[in-house]
There are 2 protein chains.
Amino acid sequence: MHEYPGQHRILVAVDCIIFGFDGVNVKLLLVKRSLTPEQGKWSLMGGFINPSESPDDAANRVLEERTGLKDVYMDQFMVFGNPKRDPVERTLSVTYFALIDIHQYEEQLSGEHSPEWFLLDNMPDMVFDHAEMVTIALKQLRYKAALHPILFQLLPGKFTIPQLQALYEGVYQTEFDDRNFSRKLLSTGLLVKLAEKDKQSSKKGAFYYRLDQSHYEENFEKFLNLVPNPDKFF
Amino acid sequence: MHEYPGQHRILVAVDCIIFGFDGVNVKLLLVKRSLTPEQGKWSLMGGFINPSESPDDAANRVLEERTGLKDVYMDQFMVFGNPKRDPVERTLSVTYFALIDIHQYEEQLSGEHSPEWFLLDNMPDMVFDHAEMVTIALKQLRYKAALHPILFQLLPGKFTIPQLQALYEGVYQTEFDDRNFSRKLLSTGLLVKLAEKDKQSSKKGAFYYRLDQSHYEENFEKFLNLVPNPDKFF
DNA sequence: CCAAAAGTGTTATCAATACACCCATGT
DNA sequence: ACATGGGTGTATTGATAACACTTTTGG
């Protein structure tokens, strides 16, 4: 079983940094830790890797077990491996960041396991080094979202341009010019205009759009410059 | 010692994907694997994580032990965690990519441990999933180098613009317009012109430059667009 | 008819490219 | 003197951003 003799084996966990958007604010999903120590303190959703699982499998399993969410956008992110990060026993954490539309999953999430959404500027104390993970992941989210159309993952299947703009403004904590924003996004060719309008937030009403899925996949890796003056955020 | 009961502990290794540049070609540094199985087959430089080490520490130690190199540019890269990737025993690999100037270290490397530089288009068979690691890392190198001035790490302290251009052309396997390239790089403000000229490669001679270290650090995270038409590479 | 939000048009500025041309010098 | 590579100048194109203006419709 231990074929490489004399080596040190380490517990390996996955932790998911789950961002959501409710139409107004970008939020982060946390759960209460179920193990001692720090039981009951807020924590990222995580779990240990099982013998037959890859870290990616483990992250997807953890997410599904705890929230019922499947087929979520999830990226491997960073390894946190300071030998003292978990005071109980050395544990390596492979982190993932995930993006979901809050409304689509609100019901599943209101259940037994008490996950809760937190505003980014109002985060509770978190276990171990989870606060650091979140800080770095948010930076990474901003970085990646400036170049690639990942934030669409946070929106429902149909959405308006003003909603999209509110999302970008939430992520970058700033305001963009409405007129340039809509033209820039439309010029990517990623959006398909629908007949229907959203009349909730204005009298004129804003057209709904949906993603052009094939165009989205083809252009995902291109550098799109979706954010004005991106340099100022880095 | 095992404080979280009933969990599965895993061997964790680090593997370093080391890119170098000799003035003409971009190359990758490999060593012969010292353990069975596949002993003697080419491999990335790697080793297991010790109990008191973070993965970053381990990567630096491995690099120093095997090559004598210290203070090398190194980025945490990706975790490879397929449970079957090492047939001997499950081993998680945390990979790093490193960039060094080949000439500065040629002597150290010619020693006992038989590391060897390989051209990217002439790579030998490699152990386990190391070939996959290299493929993905090269993509990542191209991605990052298009936006951030990392390739300077591959050059000596003083270098000419034509040398720099040869490096970029090697990384992207294409040719850039000399005139635009030099103006674009100079306009970043990252370069300081020296009095001396390199007369090796032309009669006129090309001025040497060095990095403006503080400017380099300040602007490292900015999006610089150092590569013409970067989209076509992704 | 007015307020409020959606979205189009217009223009100035700047960056990126393509390419003509001049420069320095070893042979 | 001339071939070779280094480097500057210039025109064109296109993207960006700032901002005026029109459009729609519920109250």
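Remember, it's a predicted structure, so these values are computed and weren't measured experimentally. Chain letters run A, B, ... following the sequence lines, proteins first and then strands; every chain starts at 1. Computation of the quantities below employed the complete heavy-atom set of this structure, encompassing side-chain atoms and omitting hydrogens, waters and symmetry-equivalent molecules.
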Q: Whole angstrom is fine here: how far is it from CZ in F207(B) over to P in dG6(D)?
A: 13 Å

**Q.** Rounded distance (Å) that lies between atom P of dC14(C) and atom CG of L224(B)
**A.** 18 Å

Q: Apply the salt bridge (charged side-chain N to carboxylate O under 4.0 Å, His left out) test between K27(B) and each candidate in D121(B), D22(B), D101(B); give the one that qualifies.
A: D22(B)

**Q.** Any Q76(A) side-chain heavy atom under 4.5 Å of F97(A) side chain
**A.** no

Q) Roughly how many Å is it from CZ in F176(B) to P in dA16(C), rounded to a whole number? A) 14 Å

**Q.** N-O pairing of K144(B) and D75(B) below 4.0 Å
**A.** yes

Q.
In whole Å, I'd like the distance from the CG atom of D198(B) to the C1' atom of dT25(C).
A. 14 Å

Q: May I ask you to decide if the ring planes of Y168(A) and F176(A) are parallel, tilted or perpendicular, using 30° and 60° as cut-offs?
A: tilted

Q | Ring center gap for Y143(A) and H148(B) short of 6.0 angstrom | A | yes

Q) Can you check the L191(B) CG to dG7(D) C1' distance for me, whole Å? A) 14 Å

Q: Give D178(B) one of three labels, base, sugar-phosphate or nothing, depending on what nucleic acid heavy atoms sit under 4.0 Å from its own.
A: nothing

(Q) For a quick check, with a 4.0 angstrom heavy-atom cut-off, what is the B/S/- contact string for nucleotides 18-27 of chain D, read 5' to 3'? (A) BBBB-BBBB-

Q: Let me know the distance between CD of Q200(A) and C1' of dA6(C), rounded to the nearest Å.
A: 16 Å

Q: Report yes or no: is the cationic atom of K193(B) (NZ for Lys, CZ for Arg) under 6.0 Å from the centre of the six-membered ring of Y209(B), at an angle within 45° of the ring normal?
A: no

Q) Could you give the CZ-to-P distance, from F181(B) to dA15(C), as a whole number of Å? A) 18 Å

Q. Among residues 158-175 of chain B, which contact DNA chain C at a heavy-atom distance under 4.0 Å?
A. none

Q: Would you tell me if any nitrogen or oxygen in the side chain of N225(A) comes within less than 4.0 Å of OP1 or OP2 on dA15(D)?
A: no

Q: Under 4.0 Å between any heavy atoms, over every strand shown, what does S201(B) touch: base, sugar-phosphate, or nothing? Just pick one.
A: sugar-phosphate

Q: Working to the nearest 0.5 Å, report the span between OG1 of T95(B) and CG of L44(B).
A: 8.5 Å

Q. Between F80(A) and F128(A), is the gap from one ring center to the other below 6.0 Å?
A. no

**Q.** Distance (rounded to the nearest 0.5 Å) between T188(B) OG1 and L226(B) CG
**A.** 7.0 Å

